[in-house]
Asks: 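Let me begin by handing over the structure; questions about it come next.
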Amino acid sequence: KTDQLTFGMHFVRYLHPEHFDEPAWDLFLGTLVEQAGRSTPARPGWIPSELQHPYTLLVGAAPSILTNFNLQDTDRWGAWHRSPNAEANFPSGSERQNPFHRLLITQAFRSDRLELAMGGFICAQLGIPTVAPPSTSIAKLHETESTAAEPILFITTPGADPSQELEEFAGRLVGRGRYHQVAMGQGQAETAIQLLRECAKNGDWLCLKNIHLVVAWLSTLEKEIFTLKPHPDFRLFLTAEPSAKFPSSLLESSLKVTFEAPPGVKKNLQRTYEAWTQAYVAQGNPLRAQLLFLLAWFHAVVQERRNYVPQGWSKFYEFSFADLRAGADIIDLGTREGRTPQWKYINGLLENAIYGGRVDNHYDILVLRTYLEQFFCNEMVGGSGVRNKPIPGTKAVYLPTTSHLPDYLAIINQMPDQDEPALFSMPANANRSVQEANSRAVLTQLRSMSSAKEAMLGFDRELWAKKLAPLLKLWERCVAQVPVIKKPLHVREVNAASLKNPVDVFIAMEYAHGRRLLHNMDRLLSSINKILRGQEMLTSLVQEQANALLRSEVPTKWDTAWEGPEDPLKYIRAAVTRLVELEKLYQVAQKGNVIGSVPSVDLGHLYHADTFLNALRQQTARKLNDSMDNLLLVTTFDRGFDPG
C-alpha cells in the first residue's frame with residue numbers, strides 16, 4: 001500500500017502526457033532550480049510570506065497558472081487556503097484547468113493535503129473510486145484464481161502473517177488433517193520435499209513458511225514443483241518477506257499476493273468480516289456478535305494507529321491476525337452459555353496476554369489500556385441498564401443488537417475510506433505531519449524511478465548533462481554567493497585551541513567541518529562539470545558518486561560527513577546555509593563567548609546540534625561551578641519564559 005500513489009502517479013504521467021510538461025514535472029519532483037535574475041509577479045496577499053519561495057518556483061515553472069487560476073483573487077483563494085479540505089474545495093472554475101496544475105498549487109501552498117490530492121488526481125484520471133484495491137480473502141483466491149499446478153506466494157509485511165487465516169480456512173474446507181505446514185529453516189529441506197510429494201499425490205494442502213530464509217534451496221524446490229503431477233485438490237502455499245535474491249523464475253510461475261494490513265479502518269474491518277462468515281458470527285447470542293464487532297474495530301484502530309508513529313505509538317508494533325483470532329477466542333469463552341461478560345477478565349487477557357505482549361513502552365501500554373476500557377465495557381453494549389454510547393472515535397455509530405452479519409456489514413460499508421485522526425482519539429492536526437511524510441516518500445520514489453534507468457546506463461555525456469544540470473546550476477550559484485567554498489581549509493586557518501569556552505571551540509570545529517564538507521562537495525561537482533566539458537577523465541570513484549546523484553541520492557561520502565536531507569538538491573542548500581551561518585558565529589567566537597554575544601543560536605544552522613548541546617552543558621556547568629549531572633535542559637514555546 002505504500003507504493004500505490006507512486007505507481008498511480010507514474011502510470012497517469014505516461015497515460016495522459018498532455019497534462020505534464022517537463023518544467024512542471026521537475027517542479028513536482030523537487031528537481032527544478034530557480035533561474036537567477038528572473039522577475040516574479042508580486043505575491044498575492046493570501047499567500048503567507050514564508051511561502052514566497054514555493055510561489056516563485058510555481059510561477060517560474062508554469063506561468064499560465066497565475067492567470068488561468070486567477071491567483072490574484074484574494075477572497076476566493078484565501079478561503080481555499082484556510083479550508084480544512086483544500087484539495088477538494090478549489091474555487092469554482094478551477095475544474096476546467098489542467099488537473100496537474102491544481103496538484104502543483106496544492107503542493108506549493110497546502111503541502112499537508114498533497115497525499116490526498118494525489119489520490120484524488122489519480123482516481124479522476126483513471127476513473128476509479130479509490131487507489132486502494134478492494135480487500136480480498138483466501139477464500140476468494142481459492143475460488144477464483146488458484147490451481148493445483150500454480151503455487152500461491154504470499155509476500156508478507158511486518159505485522160501481517162497469513163498463516164493463521166490460511167490454517168483456519170483450510171480447516172473449514174479440507175479439514176485440519178489434510179493441511180500441513182513447515183516453518184523453513186536449517187534442516188527442514190528434506191521434510192519439506194517429502195511433504196510436497198505426499199501432498200501433491202494425495203490432494204492435501206501444504207504451506208512452506210518463511211522461504212526467504214532458505215533462498216539458496218529454492219532452486220531445488222522449483223525443480224521439484226515442475227516435476228510434480230499434482231492431484232486436482234492439491235494446493236501449495238508459500239510465505240516470504242521481500243528479498244532481492246529471490247529466484248525470478250519462481251516468482252514468475254507463482255500467483256503472487258501481497259499480504260498486509262489493509263489501508264484504513266474500513267478496509268481493515270472488511271478484511272476481518274470476509275474471514276468471519278455468517279455462521280461464525282451467529283454461533284452465540286447477540287452479545288457475542290457485538291463483542292466480536294468491537295474486537296474487530298479495536299484491532300483495526302490499533303493497527304491503523306501505527307500510521308501515526310511516533311505520535312500514535314512510539315514504534316511500529318506487529319499486531320496481526322493471530323492477535324485478532326486469540327481475542328475472538330477470549331470473547332467466545334467470556335460469553336459461552338449466555339454468561340455476563342467479566343470486563344476485568346476480558347481486558348486483562350487482551351492487555352497482558354495478547355496485544356499488550358507486543359508493547360514495550362509504558363506510554364503505549366497506557367494508550368492500549370485506555371482503548372480496552374473504552375471498547376469493552378457496559379456502556380458499549382448497554383449492559384446493567386447503562387445507556388449505550390457510540391463506538392469510540394465516532395459521534396453516532398452504535399452497535400447493532402442482533403447477530404445478523406449484514407447489520408454489521410452495513411455499518412462498515414457506510415464508513416469513509418479516509419480515516420480522520422478523531423477516529424483514533426488524536427488531535428485534528430495529527431494528520432499533517434503524517435501526510436507530509438507520506439508525500440515526501442512518494443516524491444522520493446518518483447525521483448528514484450525517473451533516474452534509476454539513467455544511472456544503470458553508464459556514462460552518457462548528453463544524458464548526464466541533462467539530468468545533473470539542476471544540481472550543477474545550483475552549485476554554480478552557491479559558489480558565486482559563498483566564495484569561501486572554493487578555498488581549501490589550511491591547517492592553521494581555523495584555530496580552536498586558542499579559544500577558551502566550550503561553545504566557542506565547538507563553533508570553530510563545526511565551521512572547519514563545514515568548510516571541509518563543502519570543499520569535498522565542490523571537488524565532486526567540479527569534476528563532473530569538467531568531465532561533461534571534456535576537460536577531465538572519468539574515474540570509477542566519480543562515476544560511483546555521480547550515479548548516486550542520478551538516482552536522486554546523496555553520495556555516501558557526503559552522507560558520512562553529515563547526515564542531512566535525503567534529496568541532493570535540499571542537501572546542497574542545507575549544507576551551504578549552515579556554512580554561511582557558521583561563518584558569522586565563528587567571527588564572534590574568535591572574539592570570545594558566543595553565548596554572551598548573540599541573542600540566540602538556531603540549532604537548524606548547525607551540522608551537529610547534539611554536540612552543541614553538550615558543549616553548552618559543559619560551559620554552563622563551569623559558569624555555575626556545578627556538576628553537569630545536576631543540569632536540566634528546559635524547553636518552552638514561550639520566548640518570554642524565564643526558567644530561573
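None of the values given here were measured: they were computed from a predicted structure. Counting from 1, the numbers follow the sequence of the chain as shown.
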Asks: Please test N547 against W464 for side-chain contact (heavy atoms from CB on, under 4.5 Å), starting from the C-alpha separation and ending with a verdict.
Replies: CA-CA 9 Å; N547 282 338; W464 279 36; 4.0 Å; yes

Asks: Flag yes if more than 12 heavy atoms outside K256 fall under 6.0 Å of its NZ atom; otherwise flag no.
Replies: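 Counting other residues, nucleotides and ligands, NZ of K256 exceeds 12 neighbours.
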
Asks: As an exercise, state the distance from CG of N438 to CG of L5, rounded to the nearest 0.5 Å.
Replies: 8.0 Å

Asks: Taking the six-membered ring of Y280 as reference, does the NZ or CZ atom of R288 fall below 6.0 Å from its centre and within a 45° cone about the axis?
Replies: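 Ring-cation test returns yes.
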
Asks: Given E260 and T157, is the side-chain hydrogen bond (donor to acceptor under 3.5 Å, both in side chains) satisfied, shown in steps?
Replies: CA-CA 6 Å; E260 58 186 353; T157 56; 4.5 Å; no

Asks: Can you give me the closest heavy-atom contact between A430 and M426, atom names plus distance?
Replies: CB-CE, 4.0 Å

Asks: Within a strict 4.5 Å, meaning less than it, do heavy atoms of the Y408 and L292 side chains meet?
Replies: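 No; the side chains remain at least 4.5 Å from each other.
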
Asks: Taking only Lys NZ, Arg NE, NH1 and NH2, and the carboxylate oxygens of Asp or Glu, determine whether R325 and E165 approach each other closer than 4.0 Å.
Replies: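 No, no charged N to carboxylate O under 4.0 Å.
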
Asks: Would you give the length of the straight line joining atom CH2 of W217 to atom CD of Q188, rounded to the nearest 0.5 angstrom?
Replies: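 Rounded to the nearest 0.5 Å, the CH2-CD separation comes to 10.0 Å.
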
Asks: Test W562 against M521 for side-chain contact (heavy atoms from CB on, under 4.5 Å), laying out the working first.
Replies: CA-CA 11 Å; W562 175 54; M521 293 166 62; over 6 Å; no

Asks: Which atoms form the tightest heavy-atom contact between L324 and A296, and what is the distance?
Replies: CD1-CA, 4.1 Å

Asks: Donor-acceptor check, side chain of Q107 to backbone of L114, threshold 3.5 angstrom: yes or no?
Replies: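 Checking the backbone N and O of L114 against the side chain of Q107, no donor-acceptor pair under 3.5 Å is found.
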
Asks: Taking the side chain as every heavy atom from C-beta outward, state whether I528 and V542 have any pair of such atoms under 4.5 Å apart.
Replies: yes

Asks: Any chance you could measure I354, atom CD1, to L295, atom CG, to the nearest 0.5 Å?
Replies: 8.0 Å

Asks: With a 3.5 Å cut-off and no angle check, do the side chains of H180 and E198 form a donor-acceptor pair?
Replies: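 E198 and H180 do not have a side-chain donor-acceptor pair below 3.5 Å.
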
Asks: Donor-acceptor pair, distance only, cut-off 3.5 Å: does the side chain of N307 make one with the backbone of E304?
Replies: yes

Asks: Let me confirm one number: the NZ-OG distance from K223 to S249, rounded to the nearest 0.5 Å.
Replies: 10.0 Å

Asks: Tell me if a side-chain donor or acceptor on N413 pairs with a main-chain N or O of A410 at a distance below 3.5 Å.
Replies: no

Asks: Compare all side-chain heavy atoms of D204 with those of L195 and state whether any distance is below 4.5 angstrom.
Replies: no

Asks: Check for a donor-acceptor pair, side chain of N210 on one end and backbone N or O of L213 on the other, with a separation under 3.5 Å.
Replies: no

Asks: Could you report the tightest heavy-atom contact between S552 and P568, atom names first, then the distance?
Replies: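 Heavy-atom minimum between the residues: O-CD, 3.4 Å.
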
Asks: Between L350 and Y371, is a side-chain contact (heavy atoms from CB on, under 4.5 Å) present by the stated rule, with each step listed?
Replies: CA-CA 11 Å; L350 291 175; Y371 271 135; over 6 Å; no

Asks: Do the side chains of L269 and K266 get nearer than 4.5 Å, heavy atoms only?
Replies: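 When only atoms from C-beta onward are counted, L269 and K266 do not touch, as no gap falls below 4.5 Å.
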
Asks: How long is the span from the CG atom in D419 to the CZ atom in F424, to the nearest 0.5 Å?
Replies: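 One finds 4.0 Å between CG of D419 and CZ of F424.
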
Asks: Does atom CD (E563) have a neighbourhood of more than 12 heavy atoms from anything else shown, all under 6.0 Å?
Replies: no

Asks: Between the side chains of K315 and D364, is the shortest nitrogen-to-carboxylate-oxygen separation below 4.0 Å, so that they form an ion pair?
Replies: no

Asks: Pick one: which of F375, F298, Y317 meets ring-ring contact (aromatic ring centres under 6.0 Å, His included) with Y355?
Replies: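 Of the listed options, the one satisfying the test is F298.
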
Asks: Anything under 30° is parallel, anything over 60° is perpendicular, the rest tilted; go ahead and classify H142 against W205.
Replies: tilted

Asks: Do C207 and L166 come within less than 4.5 Å of each other through their side chains, counting heavy atoms only?
Replies: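 They are in side-chain contact.
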
Asks: How long is the span from the CZ atom in R271 to the NE2 atom in H299, to the nearest 0.5 Å?
Replies: 9.5 Å

Asks: Just say parallel, tilted or perpendicular for the rings of F121 and F100, cut-offs at 30° and 60°.
Replies: tilted

Asks: For a quick test of reading the model, state the closest non-hydrogen atom pair linking S111 to E436 and the distance between them.
Replies: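 So the two residues come closest at OG-OE2, 3.2 Å.
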
Asks: Is there side-chain contact between E222 and L218, with at least one heavy-atom pair below 4.5 Å?
Replies: no

Asks: For a quick test of reading the model, state the closest non-hydrogen atom pair linking L206 to A192 and the distance between them.
Replies: CD2-O, 4.3 Å

Asks: Taking T239 for the side chain and I211 for the main chain, is one N or O donor matched with an acceptor at less than 3.5 Å?
Replies: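 No.
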
Asks: Kindly say whether I531 contributes a backbone atom to a donor-acceptor pair with the side chain of R461 at under 3.5 angstrom?
Replies: yes

Asks: For L550, does its backbone N or O pair with a side-chain atom of K467 as donor and acceptor, under 3.5 Å?
Replies: no

Asks: Which heavy atom of Q164 sits nearest a heavy atom of A322, and at what distance?
Replies: CG-CA, 4.2 Å

Asks: Look only at the side chain of D21 and the backbone of A24, and say whether a donor-acceptor pair between them is shorter than 3.5 Å.
Replies: yes

Asks: Please check this pair: side chain of R306 against backbone of W313, looking for a donor-acceptor N/O pair closer than 3.5 Å.
Replies: no

Asks: Got L349 and L333 here, is their nearest side-chain heavy-atom distance under 4.5 Å?
Replies: no

Asks: Mind running side-chain contact (heavy atoms from CB on, under 4.5 Å) on N431 and Q418 for me, showing each step along the way?
Replies: CA-CA 11 Å; N431 255 347; Q418 296 291 338; over 6 Å; no

Asks: Should R440 and E566 count as an ion pair when the cut-off is N to O under 4.0 Å?
Replies: no

Asks: Does a side-chain heavy-atom distance below 4.5 Å link L221 with I225?
Replies: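 Side chain of L221 against side chain of I225, heavy atoms only: contact under 4.5 Å found.
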
Asks: For L29, does its backbone N or O pair with a side-chain atom of R447 as donor and acceptor, under 3.5 Å?
Replies: yes

Asks: May I ask you to check whether F28 and F20 place their ring centres under 6.0 Å from each other?
Replies: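 So the answer is no for these two rings.
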
Asks: Within a radius of less than 6.0 Å around CD of E18, do more than 12 heavy atoms belonging to other residues, nucleotides or ligands occur?
Replies: yes

